[in-house]
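Residue numbers run from 1 in the order of the sequence given. First listed ligand is number 1; within each ligand, the first listed atom is number 1.
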Amino acid sequence: MEVMEAIRTRFSSRGFADREVEPEKIRLIMEAGRLAPTGSNEQMNKHIVVTDKALIHQMVAACKDQEWIHTAPAILVEVGANDRTMVCGHSVRLTDGVIAMSYMTLEAVSLGLQFVWLGWFEPEKVRSLLNIPDDYMVVAVAPFGYAAKEGSPAPKKSAEEVIVYNRME
Ligand SMILES: Cc1cc2nc3c(=O)[nH]c(=O)nc-3n(C[C@H](O)[C@H](O)[C@H](O)COP(=O)(O)O)c2cc1C
């Protein structure tokens, strides 16, 4: 699948089919994360794949009781260690993690899967559940798997509304 096709067919699936994700697909998704750029090539992030059913059930409570999460056969938890603030004022580990997640999401879509990015999670609950050391920030949580039903991309603003050439008005 072309990258642009993966971008066009991605959608947030809040419900997954009762079907495991093949280990080879998980490997390819993780490979996309491994090869993503990181600030100064420090590669201080880890891509945690949760497939244990008991842990997945416990993740629901760590994610503000979003009940549909328990249908996911896998959850990606992106974490990064030794954070620092870049000259631009942003967290390098947050940025590394977000880029890696985007790469992994698109690889997953190209393999017929869907991800949902979660902002509704409590980092300290995720940390204690997955034994994540204190020097790692929890960047994001994303359940993934085969979508339970066909979905369609959410409406997006037009190109004119979001693209700026040269200076903003
Ligand atoms: C930073 C971020 C946080 C999000 N948090 C949640 C969440 O906690 N729960 C949820 O169901 N969806 C969450 N979403 C999914 C968005 O609601 C979804 O991406 C948006 O509605 C656009 O739909 P689309 O992903 O199908 O294009 C999040 C997405 C992003 C990018």
Next on the checklist: Apply side chain to side chain donor-acceptor pair (under 3.5 Å) to residues Gln43 and Asn45 and explain how you reach the verdict.
Outcome noted: CA-CA 6 Å; Gln43 303 174 66; Asn45 40 356; over 6 Å; no
Checklist entry - Under the side chain to side chain contact (heavy atoms under 4.5 Å, CB included) criterion, do Val98 and Trp117 qualify, and how do the steps go? => result CA-CA 10 Å; Val98 166; Trp117 203 301; 4.0 Å; yes
Item to check | Derivation and outcome, salt bridge (charged side-chain N to carboxylate O under 4.0 Å, His left out), residues Glu42 and Arg84 | outcome: CA-CA 11 Å; Glu42 287 170 340; Arg84 62 183 164 80; 3.1 Å; yes
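At a threshold of 4.0 Å, the pair Arg8-Glu2 does not count as salt-bridged, since none of the basic side-chain nitrogens sits closer than that to a carboxylate oxygen. Taking a cutoff of 4.0 Å between a charged side-chain nitrogen and a carboxylate oxygen, Glu20 and Lys53 qualify as a salt bridge. The pair Glu22-Arg19 meets the salt-bridge criterion, since a charged nitrogen lies less than 4.0 angstrom from a carboxylate oxygen.
What sits closest to atom 23 (O) of ligand 1 on the protein, heavy atoms only, is Ala154 CB, 3.5 Å. The nearest protein atom to atom 16 (C) of ligand 1, hydrogens excluded, is given as Arg14 NH2, 3.6 Å; this is a heavy-atom distance. Remark: minimum distance from atom 5 (N) of ligand 1 to any protein heavy atom is reached at Gly119 N, 2.8 Å. The single protein non-hydrogen atom nearest to atom 2 (C) of ligand 1 is Trp117 CD1, 3.9 Å, given as residue, atom name and distance. Nearest to atom 22 (C) of ligand 1 among the protein's heavy atoms is Lys156 NZ, 3.8 Å. Nearest to atom 9 (N) of ligand 1 among the protein's heavy atoms is Gln66 OE1, 2.8 Å.
One hydrophobic cluster holds both Leu28 and Ile26 under the rule that ILVMFWY side chains link at heavy-atom gaps under 4.5 Å.
Among the atoms of Pro153, none of the N or O lies under 3.5 angstrom from an N or O of ligand 1. Taking distance alone, with nitrogen or oxygen atoms compared against 3.5 Å, Trp68 stays at or beyond that limit from ligand 1.
Contact atoms of ligand 1 toward Phe11: 26 (O) (distance under 4.0 Å to a heavy atom of the residue). Short contacts between ligand 1 and Arg10, defined as distances under 4.0 Å to a heavy atom of the residue, involve ligand atoms 24 (P), 25 (O), 27 (O). Atoms of ligand 1 lying under 4.0 Å from any heavy atom of Ser12, numbered from 1 in the order shown and given with element: 15 (C), 18 (C), 19 (O), 24 (P), 25 (O), 26 (O). If you number the atoms of ligand 1 from 1 as listed, the ones under 4.0 Å from a heavy atom of Trp120 come out as 8 (O).
Within the 4.0 Å heavy-atom shell around ligand 1 one does not find Phe121. Between Lys64 and ligand 1 there is no heavy-atom distance shorter than 4.0 Å.
For the pair Pro143/Phe115, no side-chain contact is recorded, criterion being any heavy-atom separation below 4.5 Å from C-beta on.
Of the residues Val49, Leu129, Ile132, the one that meets the side-chain contact (heavy atoms from CB on, under 4.5 Å) test with Val77 is Ile132.
For atom 20 (C) of ligand 1, the nearest protein heavy atom is 4.0 Å or more away.
Nearest heavy-atom pair across Phe121 and Cys63 is CB-SG, 3.8 Å.
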